[in-house]
Amino acid sequence: MEPAISTTLITPVILSGGSGTRLWPLSRSRRPKQLLALTGERTMLQMTAGRCADRARFGPSIIVTNALHAAEIATQLQHDRPAAIILEPAGRNTAPAIALAALESAPDAPLLVMPSDHVIDDVAAFHAAIAAAMPLVRDGWLVTFGITPDTPETGYGYIRRGADIAPGVQKVDAFVEKPDLDRARAYLAEGNYSWNGGIFLFRADAYLAALDRFEPEMLAAVRASLDGAARDGSMVIPAAEAFLSVRSESIDYAVMEKADRVAVVPVEMGWSDVGSWDALHLLGLPDEQGNVVQGDVVALDTSGCLIRSEGPVVTTAGIHDLIVVATRDAVMILPRGSSQEVKTIVEALKARGHETLDAPF
């Protein structure tokens with residue numbers, strides 16, 4: 001197979017396999033949050049691809065997704081022209097997904113691995129962090145980007161940073177599981193911890209060598225699935241039987257926590273994983289009453305609310321600190337701070353076989 005990617009440029013690898021149920025009813029299984037315009041005119045996927053638009057630095061991207069979203073992704077990225085859109089036969093977490101992209105690339109291609117549904121407000125800071133990492137990447141290091149924490153967040157994993165190994169780059173001492181609140185506060189106070197944002201940079205051959213060392217059966221199965229792949233233009237469809245035999249595992253567990261030469265670039269770049277309606281409220285531009293409003297909304301004596309309508313007019317009076325989301329076929333109302341209840345709602349709808357989980361709104 002001929003290398004798909006130039007070795008002189010960084011290859012963006014965009015992981016777009018999530019179902020996005022945390023932002024129901026706006027996000028659905030057929031149209032998850034990365035395919036929606038949540039914070040502006042462009043979708044989350046388009047904004048992710050747009051961070052790598054500089055053709056002097058970045059080559060064409062590789063998208064790893066599934067057949068359910070393939071046509072929409074191709075439409076949304078028609079001006080970006082990905083080198084490959086790889087359609088996983090089933091989700092097997094990030095380690096196999098990245099292996100697909102690495103095998104599709106030239107061996108020495110630097111791969112910038114990014115989730116498709118994150119916000120980065122300061123793209124210049126992100127690019128500076130990438131530049132700081134590149135000398136080590138060329139030398140075979142595996143690099144992750146550590147998000148500078150501003151709150152004792154319990155919903156993220158953490159990275160404990162060690163000794164400086166290059167300007168702006170430190171060795172990873174440890175990857176740490178999601179902490180309880182007291183431990184998160186201690187991490188923040190110590191000052192040498194970053195959030196693990198799931199963004200990585202390494203050469204394709206360095207990642208594959210690490211995977212071969214720590215997860216050889218996984219790599220062999222992924223390689224077999226790609227060797228037997230069907231191809232249609234930029235679409236790559238790995239052989240299902242081989243890929244379905246792959247054990248589901250994240251890159252953190254499979255490689256990053258085990259490898260020796262792992263570095264972190266701490267960066268403050270206005271990052272958010274937009275993981276909840278509360279997070280989306282914080283990202284919005286509030287009015288004088290602290291409301292973040294989008295769509296056809298009339299809000300009277302209303303404060304501190306996120307109110308979003310994708311169709312029907314929404315009217316409120318005398319309410320405070322609520323999340324109100326209306327689509328053409330569903331309405332959800334929650335107290336702010338209760339975004340975790342969306343998971344409970346979705347599970348209840350699944351138990352009833354409710355069509356709003358899959359249907360486009």
*Asks:* Only counting residues at least two apart or in another chain, list the ones meeting side chain to side chain donor-acceptor pair (under 3.5 Å) with D139.
*Replies:*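 R261.
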*Asks:* Which pair of non-hydrogen atoms, one from V267 and one from A125, has the smallest distance, and what is that distance?
*Replies:*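 The pair with the smallest heavy-atom distance is CG2-O, 3.8 Å.
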*Asks:* Looking at every non-hydrogen atom in both residues, tell me the closest pair between S272 and L283 and how far apart they are.
*Replies:*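 That closest heavy-atom pairing would be OG-CD1, 3.8 Å.
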*Asks:* CD of E241: more than 12 outside heavy atoms within 6.0 angstrom?
*Replies:*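 Counting neighbours around CD of E241, 12 or fewer heavy atoms of other residues, nucleotides or ligands fall under 6.0 Å, so no.
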*Asks:* Tell me the closest heavy-atom pair linking T316 and A299, and the distance in Å.
*Replies:*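 Minimum heavy-atom contact is OG1-CA, 3.3 Å.
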*Asks:* Going by atom types alone, do S250 and T94 pair a side-chain donor with an acceptor below 3.5 Å?
*Replies:*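 There is no such pair (donor and acceptor under 3.5 Å, judged by atom type) between the side chains of S250 and T94.
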*Asks:* What's the verdict on side chain to side chain donor-acceptor pair (under 3.5 Å) for S16 and Q34, showing C-alpha distance, side-chain angles and the deciding distance?
*Replies:* CA-CA 7 Å; S16 184; Q34 63 265 28; 3.3 Å; yes
*Asks:* Please tell me whether F175 and L211 are part of a single hydrophobic cluster in this structure, the criterion being side-chain heavy atoms less than 4.5 Å apart.
*Replies:*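 Yes; tracing contacts between hydrophobic side chains, which count when under 4.5 Å, links both residues.
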*Asks:* Measure the CD1-OG distance between I85 and S234 for me, rounded to the nearest 0.5 Å.
*Replies:*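 Answer rounded to 0.5 Å: 4.5 Å.
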*Asks:* Kindly say whether C52 contributes a backbone atom to a donor-acceptor pair with the side chain of R55 at under 3.5 angstrom?
*Replies:*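 Checking the backbone N and O of C52 against the side chain of R55, a donor-acceptor pair under 3.5 Å is found.
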*Asks:* Ignoring hydrogens and angles, state whether a donor on the side chain of R28 or T327 is under 3.5 Å from an acceptor on the partner side chain.
*Replies:*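 The criterion, which ignores hydrogens and geometry beyond distance, is satisfied for T327 and R28.
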*Asks:* Ignoring hydrogens and angles, state whether a donor on the side chain of R161 or S194 is under 3.5 Å from an acceptor on the partner side chain.
*Replies:*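 Distance-only check passes for R161 and S194.
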*Asks:* For E215, is there an ion pair with R247 - N to carboxylate O distance below 4.0 angstrom?
*Replies:*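 Judged by the 4.0 Å cut-off on N to carboxylate O distance, R247 and E215 do form a salt bridge.
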*Asks:* Just wondering, are more than 12 heavy atoms of other shown residues or ligands nearer than 6.0 Å to CD in Q289?
*Replies:*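 For Q289, atom CD is crowded (more than 12 foreign heavy atoms under 6.0 Å).
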*Asks:* Examine distances only and state if a side-chain atom of N66 and a backbone atom of H69 form a donor-acceptor pair shorter than 3.5 Å.
*Replies:*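 Judged by distance alone, yes, a pair lies under 3.5 Å.
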*Asks:* I need the E88 CD to T65 OG1 distance, nearest 0.5 Å.
*Replies:*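 Here the interatomic distance stands at 7.5 Å.
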*Asks:* Quick one, V64 with I14, criterion side-chain contact (heavy atoms from CB on, under 4.5 Å). Give me CA distance, side-chain angles, the key distance, then yes/no.
*Replies:* CA-CA 6 Å; V64 185; I14 302 176; over 6 Å; no
*Asks:* Would you please classify the geometry between the F126 ring and the F145 ring as parallel, tilted or perpendicular, with 30° and 60° separating the classes?
*Replies:*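 Taking F126 first and then F145, their aromatic rings stand perpendicular (interplane angle over 60°).
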*Asks:* Test N93 against E249 for side chain to side chain donor-acceptor pair (under 3.5 Å), laying out the working first.
*Replies:* CA-CA 5 Å; N93 214 320; E249 192 63 274; 5.5 Å; no
*Asks:* I'd like to know if the side chain of E257 reaches the main chain of A174, judged simply by a donor and an acceptor atom lying under 3.5 Å from each other, with no hydrogens or angles considered.
*Replies:*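 Not a single qualifying donor-acceptor pair exists.
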*Asks:* Under 4.5 Å between side-chain heavy atoms, hopping through other hydrophobics if needed: is there a path connecting V255 to V262?
*Replies:*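 Hydrophobic grouping puts V255 with V262.
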*Asks:* For the OG atom of S105 and the CG atom of L111, what is their distance to the nearest 0.5 Å?
*Replies:*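 Taking OG in S105 and CG in L111, the distance rounds to 4.5 Å.
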*Asks:* Got a salt bridge between D108 and R203, using NZ or NE/NH1/NH2 to carboxylate O under 4.0 Å?
*Replies:*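 Salt bridge: no.
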*Asks:* Under 30°, 30 to 60°, or over 60°: which ring-plane class applies to H127 and F58, parallel, tilted or perpendicular?
*Replies:*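 If you compare the ring of H127 with that of F58, the planes turn out tilted.
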*Asks:* For R213, is there an ion pair with D260 - N to carboxylate O distance below 4.0 angstrom?
*Replies:*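 Yes.
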*Asks:* Can you tell me if CG on L181 sees more than 12 non-hydrogen neighbours from other groups inside 6.0 Å?
*Replies:*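 Buried by this count: over 12 neighbours within 6.0 Å.
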*Asks:* Working to the nearest 0.5 angstrom, can you tell me the gap between H281 NE2 and I323 CD1?
*Replies:*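 H281 atom NE2 to I323 atom CD1 measures 8.0 Å (nearest 0.5 Å).
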*Asks:* Within a radius of less than 6.0 Å around CD of E41, do more than 12 heavy atoms belonging to other residues, nucleotides or ligands occur?
*Replies:*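 It does not: E41 CD has 12 such atoms or fewer within range.
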*Asks:* Does atom NZ of K258 have more than 12 heavy-atom neighbours, drawn from other residues, nucleotides or ligands, at distances under 6.0 Å?
*Replies:*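 Yes, the 6.0 Å shell around NZ holds more than 12 heavy atoms from other groups.
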*Asks:* Could you check whether any side-chain heavy atom of V123 comes within less than 4.5 Å of a side-chain heavy atom of M269, counting everything from C-beta outward?
*Replies:*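 With C-beta onward as the side chain, the pair stays apart.
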*Asks:* Is it the case that over 12 heavy atoms from other parts of the model lie below 6.0 angstrom from the CZ atom of R183?
*Replies:*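 12 or below, so no.
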*Asks:* Kindly work out whether a path of hydrophobic side-chain contacts (I/L/V/M/F/W/Y, heavy atoms less than 4.5 Å apart) joins I333 to V314.
*Replies:*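 Same cluster: I333 reaches V314 through Ile, Leu, Val, Met, Phe, Trp or Tyr contacts under 4.5 Å.
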*Asks:* Is any NZ, NE, NH1 or NH2 atom of the basic residue among D212 and R223 found under 4.0 Å from an Asp or Glu carboxylate oxygen of the other?
*Replies:*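 No.
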*Asks:* Would you indicate whether the side-chain heavy atoms of W277 and M332 approach each other to under 4.5 Å?
*Replies:*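 They are in contact (side-chain heavy atoms under 4.5 Å apart), so the answer is yes.
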*Asks:* Is a side-chain N or O of N196 found less than 3.5 angstrom from the main chain of G198, in a donor-acceptor match?
*Replies:*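 Yes, because the side chain of N196 sits within donor-acceptor range (under 3.5 Å) of the backbone of G198.
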*Asks:* Using side-chain heavy atoms (C-beta onward) and a distance below 4.5 Å, is D180 in contact with T154?
*Replies:*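 A side-chain contact under 4.5 Å is absent here.
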*Asks:* What do you reckon, are the aromatic ring centroids of Y187 and W195 less than 6.0 Å apart?
*Replies:*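 When the ring centroids of Y187 and W195 are compared, they turn out to be at least 6.0 Å apart.
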*Asks:* Flag the pair Q294 / S309 as yes when at least one side-chain heavy-atom distance between them is below 4.5 Å, and no otherwise.
*Replies:*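 The answer is no; the side chains never approach within 4.5 Å.
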*Asks:* Say whether I130 and W141 are linked into one hydrophobic cluster, either directly or through other cluster members, by side-chain heavy-atom distances under 4.5 angstrom.
*Replies:*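 Looking at the clustering, W141 is in the same group as I130.
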*Asks:* Walk me through it: do E310 and R308 pass the test salt bridge (Lys or Arg N to Asp or Glu O under 4.0 Å)?
*Replies:* CA-CA 7 Å; E310 298 295 320; R308 181 164 183 147; 2.8 Å; yes
*Asks:* Give a yes or no on whether the backbone of P82 and the side-chain of D80 come within a donor-acceptor separation of less than 3.5 Å.
*Replies:*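 Absent.
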*Asks:* Taking the side chain as everything from C-beta on, heavy atoms only, tell me whether L38 gets closer than 4.5 Å to L280.
*Replies:*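 Result yes, sub-4.5 Å side-chain heavy-atom pair found.
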*Asks:* Keeping the roles fixed (side chain from E190, backbone from N192), state whether a donor-acceptor pair exists under 3.5 Å.
*Replies:*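 Flag not set: sc E190 to bb N192 has no pair under 3.5 Å.
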*Asks:* Check whether any side-chain N or O of D273 sits under 3.5 Å from a backbone N or O of G275 as a donor-acceptor pair, and report yes or no.
*Replies:*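 Judged by distance alone, yes, a pair lies under 3.5 Å.
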*Asks:* Where is the tightest heavy-atom contact between A101 and V13, given as atom of each residue plus distance?
*Replies:*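 So the minimum-distance heavy-atom pair works out to CB-CG1, 3.6 Å.
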*Asks:* Flag yes if more than 12 heavy atoms outside Y253 fall under 6.0 Å of its OH atom; otherwise flag no.
*Replies:*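 For Y253, atom OH is not crowded (no more than 12 foreign heavy atoms under 6.0 Å).
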*Asks:* Please check if L322 and L334 belong to a single hydrophobic cluster, counting links between Ile, Leu, Val, Met, Phe, Trp and Tyr side chain heavy atoms closer than 4.5 Å.
*Replies:*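 L322 and L334: separate clusters.
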*Asks:* Within the 4.5 Å heavy-atom criterion, are I62 and I86 side-chain neighbours or not?
*Replies:*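 Of all side-chain heavy-atom pairs linking I86 with I62, at least one is under 4.5 Å.
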*Asks:* Please check: side-chain N/O of T144 versus main-chain N/O of I199, any donor-acceptor pairing under 3.5 Å?
*Replies:*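 A pair under 3.5 Å: yes.
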*Asks:* Do V143 and V264 pass the side-chain contact (heavy atoms from CB on, under 4.5 Å) test, and can you show the C-alpha distance, the side-chain angles, and the key distance before you say yes or no?
*Replies:* CA-CA 6 Å; V143 178; V264 56; over 6 Å; no
*Asks:* Could you tell me whether the side chain of S225 and the main chain of A242 form a donor-acceptor pair under 3.5 Å?
*Replies:*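 Not a single qualifying donor-acceptor pair exists.
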*Asks:* What's the shortest heavy-atom distance between L9 and A56, and which atoms?
*Replies:*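 So the two residues come closest at CD2-O, 3.6 Å.
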*Asks:* Can you measure from OG (S61) to CE (M114) and round to the nearest 0.5 angstrom?
*Replies:*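 Result: 8.0 Å between the selected atoms.
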*Asks:* Any chance you could lay out the side-chain contact (heavy atoms from CB on, under 4.5 Å) test for T43 and T48, step after step, and finish with the verdict?
*Replies:* CA-CA 9 Å; T43 68; T48 302; over 6 Å; no
*Asks:* For V274 and D117, which heavy atoms make the closest approach, and how far apart are they?
*Replies:*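 That closest heavy-atom pairing would be CG2-O, 4.1 Å.
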*Asks:* Any heavy-atom pair between the side chains of L208 and L103 that's under 4.5 Å?
*Replies:*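 L103 vs L208: side chains touch.
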*Asks:* Taking L15's backbone N and O only, do any of them form a donor-acceptor pair with S116's side chain (distance below 3.5 Å, no angle check)?
*Replies:*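 Indeed, once roles are kept as given, a pair shorter than 3.5 Å links the two residues.
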*Asks:* Taking it one step at a time, do L188 and Y158 satisfy side-chain contact (heavy atoms from CB on, under 4.5 Å)?
*Replies:* CA-CA 10 Å; L188 206 62; Y158 283 70; 5.9 Å; no
*Asks:* Does some side-chain heavy atom of R92 sit less than 4.5 Å from a side-chain heavy atom of L244?
*Replies:*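 In short, these two side chains touch, coming nearer than 4.5 Å.
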